[in-house]
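I have placed the structure first, in the form of structure tokens, so that the comments after it can refer back to it.
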Protein chains: 2
Amino acid sequence: MRLTEKKIVEVLRQSGYKITPQRRAILEVITHSQEHLTPSAILEKVNYIHPGIGLVTVYRTLEVLSNLGLICRMHTAEGCHSYKGALQEHHHHLTCTECGRVVEFTNCDLGELEERLSAQTGFNIESHLLEFLGRCRDCQKAVA
Amino acid sequence: MRLTEKKIVEVLRQSGYKITPQRRAILEVITHSQEHLTPSAILEKVNYIHPGIGLVTVYRTLEVLSNLGLICRMHTAEGCHSYKGALQEHHHHLTCTECGRVVEFTNCDLGELEERLSAQTGFNIESHLLEFLGRCRDCQKAVA
DNA sequence: GACCTAAATGAAAAAGTTTTTCACCTACCA
DNA sequence: TGGTAGGTGAAAAACTTTTTCATTTAGGTC
Ligand SMILES: [Zn+2]
Ligand SMILES: [Zn+2]
Ligand SMILES: [Zn+2]
Ligand SMILES: [Zn+2]
């Protein structure tokens, strides 16, 4: 079940955040939309409800909601760029969130899941994005 | 095996691209680095080898290399922002590259792969990113 | 080696996104 | 009904990415 506006407001209040008309407008847009929206797209929709709201407020609200896990932040195919020499084979990355070290792995085994999803949704799946995040051995030691 | 600078140059030439000193410098940086690098980070390193090279050239070269599949473009944890109301459960997305429609799924089954990677690399894996891209039923029809 | 041309480059400007700053405002609690 | 911590908007700053255009150059041809 998707979180309702009411539930989100409740969590915000419990976490000590104020419920402003701006935040309500942003919540209304997000909870009523099926698609993923960029901050500017959210602003555009919010302005129908609450003209004059600033993009800054959208950014700030999204950050709060995101930190509380109340909205989900998605990685768009374009937009975040970091590059590395390519392996010839299909592969993915395991990245250390502490030091940035990257390990590659080639056996992603997503075929079965992909088939299941394809059958369930009717999508013709063309590619996938997979990435693991964690802490490498050294960085684990460093903390201990 | 990672692609060597020599091999990349060969493919570039075969594809009709010119081999300029700027491109060589960029290739040298990318093929000799273990980490993922942002365009600015690449420029910084390139400038040791070839001072005066422009950031624009870096962007242009990365695009060419990326289109030819000679480098790999990675999604960084920050930087690409699109938001949606959250499901309460852990979930991922299947997105239509044509119309943007998004389907959520909750059974990602990555536990086994995660354990294997963890054992192999010593990483303490904290989270993962998974996303499928394809064409939805409607968009498949539209083409046919 | 000199010449030609399509492709590549660099500088500058434009466009777009995200963050910072700061004076003013307001939700919410006592 | 204050008081105050937290929130807002406008403007500016900081970045990233794209576009434009005049100039240069790699690589093929003679
Ligand atoms: Zn590390
Ligand atoms: Zn894979
Ligand atoms: Zn579609
Ligand atoms: Zn998952």
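The shown structure was predicted, so the numbers you read here are calculated from the model rather than taken from an experiment.
The listed nucleotides are C:dT17, D:dT8, D:dG9; the one nearest the side chain of A:His50 is D:dG9. Taking the side chain of B:Arg23 as heavy atoms from C-beta on, and the options C:dT18, C:dT9, D:dG9, the nearest nucleotide is C:dT9. For B:Val56, taking side-chain heavy atoms from C-beta onward, the closest of the listed nucleotides C:dT9, C:dA12, C:dT17 is C:dA12.
Following rounding to the nearest Å, A:Leu27 (CG) and D:dG7 (P) show an atom-to-atom distance of 13 Å. Note: CG (A:Leu65) to P (D:dG7) measures 12 Å, nearest angstrom. Here the P atom of nucleotide D:dT8 and the CZ atom of A:Arg24 are 13 Å apart, to the nearest Å. Atoms CD1 (B:Ile42) and C1' (D:dT16) sit 14 Å apart, rounded to a whole Å. At whole-Å resolution of the value, CD in A:Gln14 and P in C:dC28 are 14 Å apart. What separates CG of A:Leu12 from C1' of D:dG6 is a distance of 13 Å, to the nearest Å. We find that OH of A:Tyr59 is positioned 16 Å from C1' of D:dG9, with the value rounded to whole Å. Atom-to-atom, CG of A:Leu62 to P of D:dG7 comes out at 15 Å; the value is rounded to the nearest Å.
Between the side chain of B:Arg60 and the base of C:dG10 there is at least one donor-acceptor pair of N/O atoms closer than 3.5 Å.
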With B for base contact, S for sugar-phosphate-only contact and - for none (protein heavy atoms under 4.0 Å), nucleotides 24-30 of chain D reads -BBS---
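Under the 4.5 Å side-chain heavy-atom criterion for ILVMFWY residues, a single connected hydrophobic cluster contains both B:Ile42 and B:Val64. Cluster membership check: B:Leu113 shares its hydrophobic cluster with A:Ile125, using side-chain heavy-atom separations under 4.5 Å among Ile, Leu, Val, Met, Phe, Trp and Tyr. Linking Ile, Leu, Val, Met, Phe, Trp and Tyr residues whenever their side-chain heavy atoms come within less than 4.5 Å places A:Leu3 and A:Leu68 in a single cluster.
Comparing B:Ser40 and A:Gly52 by the nucleotide of DNA chain D that holds the closest heavy atom to each, the one mapping nearer the 5' end is A:Gly52.
At distances below 3.5 Å, not a single donor-acceptor pair connects side-chain atoms of B:Ser118 with backbone N or O atoms of B:Asn124. At least one donor-acceptor pair closer than 3.5 Å links the side chain of A:Gln140 to the backbone N or O of A:Arg135.
Using cut-offs of 30° and 60° on the angle between ring planes, the pair B:His128 and A:Phe132 is perpendicular.
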Review item, side-chain donor-acceptor pairs of residues 21-28 of chain B, under 3.5 Å, at least two apart:
unit_1: B:Arg23; atom_1: NH1; unit_2: B:Lys18; atom_2: O; d: 2.9

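Residue-level contact check: A:Leu55 touches the bases, meaning some heavy atom is under 4.0 Å from a base atom.
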